[in-house]
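Numbering of residues begins at 1 and proceeds along the displayed sequence. Numbering of ligands and ligand atoms starts at 1, following listing order.
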Amino acid sequence: MNIIIMGPPAAGKGTQAEMISVAYPLPHISTGEIFREEVSNQTAIGKQAQPYMDAGQLVPDQVTIGIVAERLAMPDCESGFLLDGYPRTILQAQALDDILSQSGRRVELVVNLVVPNEVLLARVVGRVNCVKCKKVYNSISNSTKIAGICDKCGGELVQRSDDNEETAQNRLQVYIDEAEPLLQYYEDKGILVSLDGDRKPLTVFAEIVRELNKIR
Ligand code: AMP
C-alpha cells in the first residue's frame, strides 16, 4: 500500500501515521522528521534546510524531492510506504509520480485530515515531543500522565523550535496556500479521502482503517 497522509500542522498526521505504520505495517516517512534529523546532525542538507524551517517556510523542492527519492528507493519501501508531510507542492507531487512510475508503483490513497484553524493553532502551541522516542503529545487532546515525561519511554519532552504561535500562523498559511491545488490534484485522480480530524485519535484511526481496507 502506497499511502499519503495530508493535513495542516497539528492535524494529527504524526499520531495517525504512527498507528497506521504499526497496524499494517508500513515505513512511516516524515519529511519534517528527516529534515529535523539532518539539522540536528548538522549535515549539508540540514544546514540548507534550517533557515527555511526556522522561518516556517518550505525547503526548496529540489532538496526535498532528492531526499524522498533516496528514501523511497530503500528496500523497506518495496511493499508500501506511508508518506507524511510530502508532497507539499504540485512539483513534489509530480516528481513523486515519476519516481514511483519508474518502478511500476503509484500512490493508491491520500488521506486528508480536516481540522478548524483555531483548533490547530491551540494544538501547535501546546505540542511537545519526546527527545528519545519522538512520540508527540498535546496538552489539549493528548497529554502525558506526568508533566514533561514521555508515557511510552520516560524520555524528556521538549517543544519544537518552530512550534510557537507566530511560526505556526505562518506555517498554517503556507499550508493553506499549497494544499488547495494538491488536494485538487489527488481529487482529480480519484484517490483523495477527506476525514474530520477534530475527533479522538482512535475514532479518526478507525475511519482510516476502513479506507485502507478498501484498497488492500
Ligand atoms: P513538518 O514536521 O511536516 O511540519 O515539517 C517541518 C518543516 O520541515 C516544514 O515547516 C518545512 O520547513 C520542512 N518540510 C517538511 N516537509 C517538507 C516538504 N515536503 N517540502 C518542503 N519543506 C518541508
Asks: Around atom 22 (N) of ligand 1, find the nearest protein heavy atom and jot down its residue, atom name and distance.
Replies: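 Minimum-distance protein heavy atom for atom 22 (N) of ligand 1 reads Val59 N, 3.0 Å.
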
Asks: What I want to find out is whether Lys132 reaches Glu156 closely enough, with some N-O distance under 4.0 Å, to be called a salt bridge.
Replies: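 No, this pair does not count.
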
Asks: Going by atom types alone, do Thr89 and Glu178 pair a side-chain donor with an acceptor below 3.5 Å?
Replies: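 Side chains of Thr89 and Glu178: no pair found under 3.5 Å.
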
Asks: Given Glu33, Arg36, Lys13, which one has a non-hydrogen atom that is nearest to atom 2 (O) of ligand 1?
Replies: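 Going through Glu33, Arg36, Lys13 one by one, Arg36 has the nearest heavy atom to atom 2 (O) of ligand 1.
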
Asks: Looking at atom 8 (O) of ligand 1, what's its closest protein heavy atom, distance included?
Replies: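 Checking every protein heavy atom, the shortest distance to atom 8 (O) of ligand 1 gives Met53 CE, 3.7 Å.
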
Asks: Do Tyr185 and Asp97 have side-chain atoms, one donor and one acceptor, less than 3.5 Å apart?
Replies: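 A donor-acceptor contact under 3.5 Å links the two side chains.
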
Asks: Assess, by modelled atom type and distance only, whether the side chains of Asp61 and Thr64 contain a donor and an acceptor separated by less than 3.5 Å.
Replies: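 No.
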
Asks: Could you find the nearest protein heavy atom to atom 14 (N) of ligand 1 and give me its residue, atom name and distance?
Replies: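 The answer is Phe35 CD1, 3.7 Å.
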
Asks: Tell me yes or no: between the side chains of Gln173 and Asp177, is some donor less than 3.5 Å from an acceptor?
Replies: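 A donor-acceptor contact under 3.5 Å links the two side chains.
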
Asks: In terms of residue, atom name and distance, what is the protein heavy atom nearest to atom 20 (N) of ligand 1?
Replies: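 Of every protein heavy atom, Gln92 NE2, 2.9 Å lies nearest to atom 20 (N) of ligand 1.
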
Asks: Does some non-hydrogen atom of Arg160 fall short of 4.0 Å from ligand 1?
Replies: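 It does, in that a heavy atom of Arg160 comes within the 4.0 Å cut-off of ligand 1.
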
Asks: Measuring from Leu26:CG to Leu212:CG, what's the distance to the nearest 0.5 Å?
Replies: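 Reported value, rounded in 0.5 Å steps: 8.0 Å.
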
Asks: Report the nearest protein non-hydrogen atom to atom 1 (P) of ligand 1: residue, atom name, distance rounded to 0.1 Å.
Replies: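 Checked against all protein heavy atoms, atom 1 (P) of ligand 1 sits closest to Arg88 NH2, 3.7 Å.
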
Asks: If you measure from each non-hydrogen atom of Thr64 to ligand 1, which part falls under 4.0 Å: side chain, backbone, both or neither?
Replies: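 Looking at Thr64 and ligand 1, just side chain atoms fall under 4.0 Å.
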
Asks: How far is atom 16 (N) of ligand 1 from its nearest protein heavy atom, and which residue and atom is that?
Replies: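 In this structure, atom 16 (N) of ligand 1 has Thr31 OG1, 2.7 Å as its nearest protein heavy atom.
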
Asks: Suppose I only count heavy atoms of Tyr86 and a 4.0 Å limit; which atoms of ligand 1 are within that range?
Replies: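 It comes down to these atoms of ligand 1: 19 (N).
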
Asks: Can you sort out which atoms of ligand 1 are near Gly85, meaning under 4.0 Å from one of its heavy atoms?
Replies: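 Selected atoms, number and element: 16 (N), 17 (C), 18 (C), 19 (N).
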
Asks: Quick one: do Gln184 and Asp188 satisfy side-chain hydrogen bond (donor to acceptor under 3.5 Å, both in side chains)? Show the steps, please.
Replies: CA-CA 6 Å; Gln184 193 59 52; Asp188 291 347; 2.9 Å; yes

Asks: Can you tell whether the side chains of Glu18 and Lys152 come within less than 4.0 Å, N to carboxylate O?
Replies: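 Salt bridge flag = yes for Lys152 with Glu18.
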
Asks: Which ligand 1 atoms does Gln57 reach within 4.0 Å, using its non-hydrogen atoms?
Replies: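 Within the 4.0 Å cut-off of Gln57, ligand 1 contributes 11 (C), 12 (O).
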
